Amino acid sequence: MIVTGKSVFGGIAIGKLHVLAKSDEKVKRLSISDAEAEKKRFNDAREKSKDQLKVLFEKALKEVGEDNAQIFEVHQLMLDDLDYVESVENMITEEAVNAEYAVAVTGDNFAEIFASMDDDYMKARSADVKDISNRVISILSGNGEGEFTEDEPVILMADDLAPSETVQLERSLILSFVTRFGSSNSHTAILARTMNIPSLIGVDFSEDCNGKMGIVDGYEGKLIIDPDEETLDDYIKKKKADDEKAALLQKFKGLDNVTKDGRRINLYANIGNVGDVANVLKNDAGGIGLFRSEFLYLESDDYPTEEEQFRAYKKVAQNMNGKKVIIRTLDIGDDKQADYFDLGKEENPALGFRAIRICLEKPEIFKTQLRAIYRASHYGNISVMFPMITSVKEVKKIKEILGEVKAELDRESFPYKDVEIGIMIETPAAVMVSDELAKEVQFFSVGTNDLTQYTLAIDRQNPKLDAFYDPHHPAVLKMLKMVADNGHAAGCWVGICGELGADTTLTEEFLRMGYDELSVSPSMILPVRAAIRNIKLK
Ligand code: PEP
Ligand code: MG
């Protein structure tokens, strides 16, 4: 039987299914006579909860890093929240009820308030307030934590998993997470990604699969329950091939991106969302060479606020821990449409109102993003780059807007760094004036996907033209050389962030052209590193 869901992290897991039973006993309402004693029981349980959370924080800090561990600090703070504590205490006093009941009702009320908020971040706090309340109730009623007692690795299935539950589980015993509910932005999903565990959410499984054999296909978002022999054999082979491929490449982790004769190059990764950072680190990239920031806009029903963007950029910068993070500003339009932009239908959308053109026409949207990026720069090593540039005039205008944004931030006393600025070279016009453009910025990153489309006049979305879409065309390669030479002549560093950067048949040529950086999808870091280390230029 196959049940589908949404993949949170790719990979294949094969093993016994373990459905985690929720201790769903309803908390009983009891009358009490000594309110003071009951409040003391509550406050003792609250203190004990905080002690447990401190231990969890330390454990998570070691296993999944500071950023992911922070949730347990947030939980400690929530337990000290005056509104929360007073609400429980008032209920105990005024209604003469037991502490368990007062905590359960308060927890539900607060969770409902959070869930009804517009802000996605605040919405997600609903699960956290339930989590802390359950912890206190569990201590009050003398229950131990967690009923996961398997001693062989399993595919763990649950309605949902609170972050505290996830991190407490013994990692070596978990092959995969499968949940009925949960969102890709939940902390648990983030933790699953950080732990490199194939995971699915939104899977409507039935309880009776507990104990059966199962396969999680994190590539295709499928759970196969009780697979027949042929399917099982098939997946055993797929998993073996996966493991072999990964194992072979592991030996390149921690090594330099250096040719046999000593030429070095930076190897960075391309990401589309905050969660991809785990994969970047796992694959040992030296930084993020392209953060396609438009995902924030595409996932949203309305323009993402400055705060929402600031949180996302800050998180990526912090998780990268001082390594370079190049944020590409909004590149919406053409195939990437969000209804609320109301861009209207265009005859030639690839040549239409998109990317930097929208930003320059609607500076209020642009400024919101730039403010968020600059504010986040304080927390890491952020650079910014601009897509679809065709002229020096555009870059001068961008710099003017940047000046305004910085002046605003100064007035409001927001700290920010001297952010390195660069542009994407993805139009033939930009290539031809790259000598002039290089005087305005600190780096170039060539977007070969669009540069190929515009140079060869071939729609990159049209499958009928696949045979004609040739990024190895001499016109494209000559442009790449020209960009590198013009960039270097003016002191810019130059990189490639289009798909061609990962084409190992061209790695040697890119090095000969003098490229300083290649930015590729995380899974291509180690294969490209292997290629670089095999090259001799002299
Ligand atoms: C490119 O055009 O090569 C590029 C990296 O940008 P995108 O693929 O997002 O258009
Ligand atoms: Mg592009």
Side-chain angles (χ1 to χ4, degrees), residues 266-273 276 280 285 287-299 316 324-338 341 343 346 348-359 369 383-390 394-395 398 422-431 434 437 443-463 465-466 469-473 475-477 479-480 482-484 487 494-503 506 510 513 515 517-525 528:
N266 286 323
L267 199 47
Y268 296 163
N270 296 345
I271 64 165
N273 65 51
D276 292 340
V280 173
I288 290 170
L290 167 64
F291 179 3
R292 289 182 163 97
S293 68
E294 54 275 6
F295 92 92
L296 280 173
Y297 295 76
L298 295 173
E299 279 181 1
V316 172
K324 196 188 278 292
V325 176
I326 304 177
I327 301 177
R328 190 256 305 270
T329 59
L330 178 63
D331 185 11
I332 214 142
D334 192 18
D335 55 317
K336 295 177 227 160
Q337 294 286 342
F341 271 83
L343 296 176
E346 294 179 298
N348 287 303
L351 308 178
F353 190 47
R354 54 176 295 196
I356 201 69
R357 301 169 188 175
I358 298 177
C359 291
Q369 179 169 40
S383 304
V384 63
M385 71 176 172
F386 305 96
M388 289 294 295
I389 296 296
T390 59
E394 285 163 351
V395 180
I398 290 168
I423 53 171
M424 291 192 68
I425 302 284
E426 46 187 353
T427 64
V431 176
S434 50
L437 289 167
F443 69 95
F444 285 160
S445 186
V446 186
T448 50
N449 309 336
D450 278 319
L451 186 59
T452 305
Q453 120 161 310
Y454 296 125
T455 303
L456 305 183
I458 284 179
D459 178 359
R460 74 191 248 198
Q461 313 294 340
N462 187 340
L465 299 176
D466 267 0
Y469 183 91
D470 176 18
H472 287 218
H473 192 293
V476 177
L477 298 179
M479 287 191 174
L480 277 163
M482 187 173 173
V483 171
V494 292
I496 299 175
C497 65
E499 294 304 299
L500 198 64
D503 185 336
L506 288 174
F510 297 148
M513 289 178 185
Y515 275 89
E517 178 242 26
L518 297 173
S519 190
V520 301
S521 68
S523 60
M524 286 307 291
I525 291 283
V528 176

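Counting starts at 1 for both ligands and their atoms, following the listed order. Keep in mind that what you see is a predicted model, and the values were worked out from it rather than measured.
For ligand 1, the 4.0 Å heavy-atom shell takes in Leu290, Arg292, Arg328, Asp331, Lys336, Met424, Glu426, Gly447, Thr448, Asn449, Asp450, Arg460, Cys497, Gly498, ordered by chain and residue number.
Among the backbone and side-chain atoms of Asp450, an N/O/S atom is found under 2.8 Å from the Mg ion (ligand 2).
The residues Asp450 and Arg460 are annotated as salt-bridged, a charged nitrogen and a carboxylate oxygen being separated by less than 4.0 angstrom. Between Arg354 and Glu346 no salt bridge is recorded (no basic side-chain N to carboxylate O distance below 4.0 Å).
Taking the N/O/S atoms of Glu426 in turn, the shortest distance to the Mg ion (ligand 2) belongs to OE1.
Between the OG atom of Ser293 and the CD atom of Gln369 there is a distance of 4.0 Å, given to the nearest 0.5 Å.
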Exercise for the section: Would you please test Asn270 and Ser519 for side-chain hydrogen bond (donor to acceptor under 3.5 Å, both in side chains) and show each step? Expected result: CA-CA 6 Å; Asn270 296 345; Ser519 190; 2.6 Å; yes

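Using modelled atom types, no side-chain atom of Asn348 and backbone atom of Ala350 make a donor-acceptor pair closer than 3.5 Å.
Using cut-offs of 30° and 60° for the angle between ring planes, the Phe510 and Tyr515 rings count as perpendicular.
Thr448 and Glu499 are not linked by any side-chain donor-acceptor pair at a separation below 3.5 angstrom, with hydrogens and angles left out of the test.
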